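First up is the structure itself, then whatever we jot down about it.
A quick note: this is a predicted structure, and the numbers were derived from the prediction, not measured. The residues of the chain are indexed from 1 along the displayed sequence. Atoms within each ligand, like the ligands themselves, are counted from 1 in listed order.
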Amino acid sequence: MAQPKYTTHLGMVDILPDDVRKWQYLENLIREEAEKFNFEEIRTPIMEQTELIVRGVGQLTDIVSKEIFSFSRGEDNYVLRPELTAPVVRSFVEHHLEQRGGSQKLYYIGPMFRAERPQKGRQRQFHQFGLEVLGSDDPVADVEIIAFMVHIYKKVGITNTSLKLNSIGDPESRDAYKQALKDHLKPNYEKLSDVSKKRFEKNPLRILDSKEEEDQQFIESAPVITEYLNESSLSHYEKVKEYLNDLEIPFEEDPHLVRGMDYYTKTAFELISPDLGAQDALAGGGRYDLLVEEIGGPKTPAVGFAAGMERLFIACEELGIELGTKKSVDVYIVTLGDAARKWGLNHLPKLRAQGLSATMDYKGRSMKSQMKDADRENSRYAIIVGDHELESGKFTFRDMKESEEEALSMDEIFKHLLAK
Ligand code: AMP
């Protein structure tokens, strides 16, 4: 086949009709389950102001420093959203959502953009679903968020996961820890990787996230943040663990889990799957008690998570889980001749009005080709119509699954179809 002239950009993929079925299945599941948890959907634009993402996600994060898709038009700077927590917070502040009263419990589903090096499970346009609770500092909110995340994977049948949990404390705890970490790393500063050297002054916590070989021994021997938590951070963390235990949601504490955005405080978590290979994070999140104020809103503690939808599908493939139903149609009208085609076209709406899905040939093909097509379309029934049937008022009604047919009037056919 000739090479196509136009293709998608690197790391961006078309989701073709056969695949869309599993996407629709997952999207419906997320919506249904989110409603059960009493969350409401929020939809924000694909593009945001650069400044929002830089401030919200953090100047020194990989996302902002290396992966942002940005452009300008006139005076305005735009970025394609790399994540949705900062945009949701922007929307919360812009529209004073706190005035609706109570905690705002929001969910989203949609595409995100990061200019990463594409590989399995890592795309430049990918999709996330996520939940955010704005306006609660209660560990109950953290645990509801985690419970929802775990629940969705269970629902689709991905049970082989592990939940990593940490607390990165409030700013006071974190400052104490940062100092301890720097004191630990300082004697070996020269042996650290270049990336970690860069992070040493401005963002030492991120060194814990380093994948560089030369950093590993210093990370392993580093002090752990949970020993530096002040009373309020520690009691919050203890409650989160207690409530997770109550709900029998297993977790592993990982004191080196820091996550990729600067806005996190206290609780941080990630859901990992051993079925994913190198990109093993299915989902992640945490608390961000200071972000709303940072973006110009009122003091509003918050917590949320985001999950990668492509990675969920990869895990399903690895586990042999098929999501969504196969394409099918209730009735295929097979027509022979012009009068029958006209009859068919007029009867499609009548079938559809009864809640049935119905189709016919659009190409004037032979009966044999139409029967083949009905098979390919996975049709449950076929109604075969020619001049003879139109005259007699009896149509061949074929059960495609049982390979049985009988001559019936349309009244009888409708009775039959609606009895199913
Ligand atoms: P993050 O927003 O970085 O916390 O990521 C949350 C989840 O989104 C990850 O656990 C992945 O499942 C997914 N994800 C993040 N970046 C990508 C990407 N470039 N391609 C595909 N999925 C991604």
Side-chain angles (χ1 to χ4, degrees), residues 8-15 19 23 26 30 44 46 48 52-53 56-58 60-69 79-89 107-132 142 145-146 148-150 152-153 156 158 160-166 168 205-206 208-209 211 254 257-265 267-288 291 302-318:
T8 51
H9 278 298
L10 180 73
M12 303 198 175
V13 301
D14 294 318
I15 304 171
D19 265 347
W23 283 84
L26 181 60
I30 294 161
T44 62
I46 298 293
E48 292 285 348
L52 168 76
I53 302 299
V57 177
L60 294 174
T61 59
D62 284 354
I63 295 180
V64 169
S65 63
K66 296 194 251 174
E67 298 166 0
I68 214 83
F69 282 105
V79 292
L80 297 181
R81 60 191 200 185
E83 58 96 63
L84 223 62
T85 300
V88 167
V89 169
Y107 75 91
Y108 59 80
I109 304 175
M112 312 294 155
F113 304 84
R114 295 182 196 172
E116 300 191 83
R117 195 170 51 80
Q119 55 179 276
K120 191 171 183 189
R122 197 197 260 172
Q123 295 176 186
R124 292 187 159 189
Q125 176 173 342
F126 60 100
H127 297 76
Q128 288 184 335
F129 66 94
L131 256 55
E132 313 285 354
D142 308 41
I145 287 284
I146 295 173
F148 181 89
M149 177 182 79
V150 171
I152 290 291
Y153 291 92
V156 299
I158 302 172
N160 190 15
T161 57
S162 83
L163 173 63
K164 308 264 186 208
L165 185 70
N166 193 19
I168 55 169
L205 235 64
R206 299 278 298 138
L208 297 176
D209 214 20
K211 302 280 176 285
D254 178 354
L257 177 69
V258 282
R259 314 259 316 118
M261 293 82 167
D262 282 355
Y263 48 64
Y264 286 115
T265 51
T267 316
F269 55 86
E270 236 168 50
L271 194 69
I272 306 291
S273 161
D275 303 310
L276 283 181
Q279 303 303 320
D280 64 353
L282 286 166
R287 194 160 258 294
Y288 49 95
L291 183 61
V303 58
F305 84 89
M309 296 171 77
E310 283 82 0
R311 291 197 195 165
L312 183 150
F313 293 131
I314 295 173
C316 284
E317 256 164 51
E318 297 295 328

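- Between F113 and F69, the ring planes lie perpendicular to each other; the angle is over 60°, past the 30° to 60° tilted range.
- Every residue was checked against the salt bridge (charged side-chain N to carboxylate O under 4.0 Å, His left out) condition with E83, not counting sequence neighbours, and none meets it.
- Contact between A86 and I53 at its shortest, heavy atoms only, is CB-CD1, 4.4 Å.
- T267 is listed as a side-chain neighbour of L165, based on a closest heavy-atom distance under 4.5 Å.
- By the salt bridge (charged side-chain N to carboxylate O under 4.0 Å, His left out) test, R259 is found to be paired with E270, residues two or more places apart in sequence or in another chain being considered.
- Here Q128 pairs with nothing under the side-chain hydrogen bond (donor to acceptor under 3.5 Å, both in side chains) rule; sequence neighbours left out.
- Ligand 1 is surrounded by R114, E116, G121, R122, Q123, F126, Q128, R259, M261, A281, L282, A283, A306, G308, R311, each with at least one heavy atom closer than 4.0 Å.
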